[in-house]
Amino acid sequence: MSHPLSDRINSLPVSETLAMAAKARELRAEGKDIIGLSLGEPDFNTPDFIKDAAIEAIHQNYNSYSPVDGYMDLKEAICVKFKRDNNLIYKPNQVVVSTGAKQSIANVSQVLLNPGDEIILPTPYWVSYSAIATLCEATSIEVPSTIETNFKITPQQLEDVITPKTKMVFFNSPNNPSGIIYTEQEYRAFAAVLEKYPRIFILSDEIYEHINYGEKPFSFAAIENMYDRTITVNGLAKAFAMTGWRIGYIGAPEWIAKACTKMQGQITSGTNCIAQRAAITAVLAPVEKIQYMVDEFKTRRDIMVGLLREIDGFKVNVPEGAFYVFPDVSAFFGKIIDGYQIQNAGDFSMFLLEKANVATVSGEAFGAANCIRLSYAASESQIREAIKRIKMVVN
Ligand code: GLU
């Protein structure tokens, strides 16, 4: 039976990352021993010093609505963080705190995009960018990359897809799902192109900023003539193991911040007050306090990359940040393994779920049809067991 749902929701794809995680949960509830490598979620606990700040906030009776754009002292702390880590000068009235970086991105998209506008998405890209654009009735223009180019696009490719309808470009470095990091030099080359098109805005999603293994990520807004056109998105979920706390934020031109506050004021109001109080402690903490998690992610990355490279048919690049490996598995397309016909990455991902009990996400969801994504935000023993199972079923 079809229900009278709006065209808006009918046009929206399900979030593949969340759908795969839900499927894994379901199978586990049926008693299957599923290893979940689908969701980008640190398996660490939120550090105690952040939890303590939240508990204190509860005892101090933080229970009322907060200002829609976030507490002033949190926004001030975020400005300190932007200066310290990103060499970006923002004033509190340029900062909006939201219920996760996802809401930050949705706010920005809703206040900037009109129906018919185009957004440029270097592929692979995080699943929800294109879905959010669809909600805004904007069109996503994908710029392809492959494992051979280390999942990076060139300035020429960027320029080739710019049209009079282009409104925004989405950059995400360190990248989910490929783990690549654009260097300052590479970002400056994109800026040299964008300089010619002053009406285009740049959304720079820096949520994986602290999870890097060498090259320190560079903030796009730190390029002098890009600052007024760039919205810097960040949040606490990944670096501080605070996915469920839902704290994201932007630094942006004041008029954009103001519009996002207006949007948020009609949809969710200010985000959770306890989480905001704890966020002050988190953003002001020296980065060294979370280094143990980054070190652990690096060890796991090396293990996962090494083990996957031992499997025939897996092409694997070395991610420089975030916590995903994004192998090209196109060598398996057109094959029948154990009676299972594999035509594409979606089939391969389902094959791994059903035959190896390992949950991954198909690259199609990220605009990269030859790949699958495996998260190594899981324990070392789970990673070893998962890859062992994968190796067994594909052989
Ligand atoms: N961003 C994470 C991921 O890509 C969490 C799930 C989501 O919101 O998509 O797995």
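Everything quoted here is computed from the prediction, not taken from an experiment. Just follow the structure's listing: the first ligand is 1, and inside any ligand the first atom is 1.
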For ligand 1 and Gly40, I'd like to know whether there is a polar contact (N/O to N/O, distance under 3.5 Å).
yes

I need the atoms of ligand 1 closer than 4.0 Å to a non-hydrogen atom of Leu18, numbered in the order shown.
6 (C), 7 (C)

Protein contact of atom 7 (C) of ligand 1 - nearest heavy atom, named by residue and atom, plus distance
Thr17 OG1, 3.4 Å

Location of contacts on Thr243 toward ligand 1, heavy atoms closer than 4.0 Å:
neither

Carboxylate-amine/guanidinium proximity below 4.0 Å for Asp69 and Lys258
no

Picking from Phe171, Tyr197, Phe220, what satisfies ring pair (Phe, Tyr, Trp, His ring centres under 6.0 Å) with Phe190?
Phe171

Would you say ligand 1 has an N or O under 3.5 Å from any N or O of Ser38?
no

Are the side chains of Ile119 and Leu113 in touch, meaning some heavy atoms are under 4.5 Å apart?
yes

For ligand 1, note which part of Phe323 has a heavy atom under 4.0 Å away: side chain, backbone, both or neither.
neither

Answer yes or no: is there an ion pair linking Arg188 with Glu224, defined by an N-O contact shorter than 4.0 Å?
yes

Options Lys238, Lys102, Glu41, ranked by nearest heavy atom to atom 5 (C) of ligand 1, top entry
Lys238

Rounded to the nearest 0.5 Å, the CE atom of Met226 sits from the OH atom of Tyr187 at a distance of 12.5 Å

Applying a heavy-atom cut-off of 4.0 Å, say which part of Arg373 lies close to ligand 1: side chain, backbone, both or neither.
side chain

State, yes or no, whether a side-chain contact exists between Phe170 and Asp205 at a heavy-atom distance under 4.5 Å.
no

Could you tell me whether some N/O pair between Asn176 and ligand 1 is separated by less than 3.5 angstrom?
yes

With no hydrogens and no angle check, is any side-chain donor or acceptor of Ser375 less than 3.5 Å from a backbone partner on Ser38?
no

As an exercise, identify every atom of ligand 1 less than 4.0 angstrom from a heavy atom of Tyr324.
2 (C), 3 (C), 4 (O), 10 (O)

Before accepting this row, confirm whether a basic side-chain N of the pair Lys298/Asp295 lies closer than 4.0 Å to the acidic partner's carboxylate O.
no

I need the contact type for Val361 against ligand 1. Using non-hydrogen atoms and a strict under-4.0 Å cut-off, is it side chain, backbone, both or neither?
neither

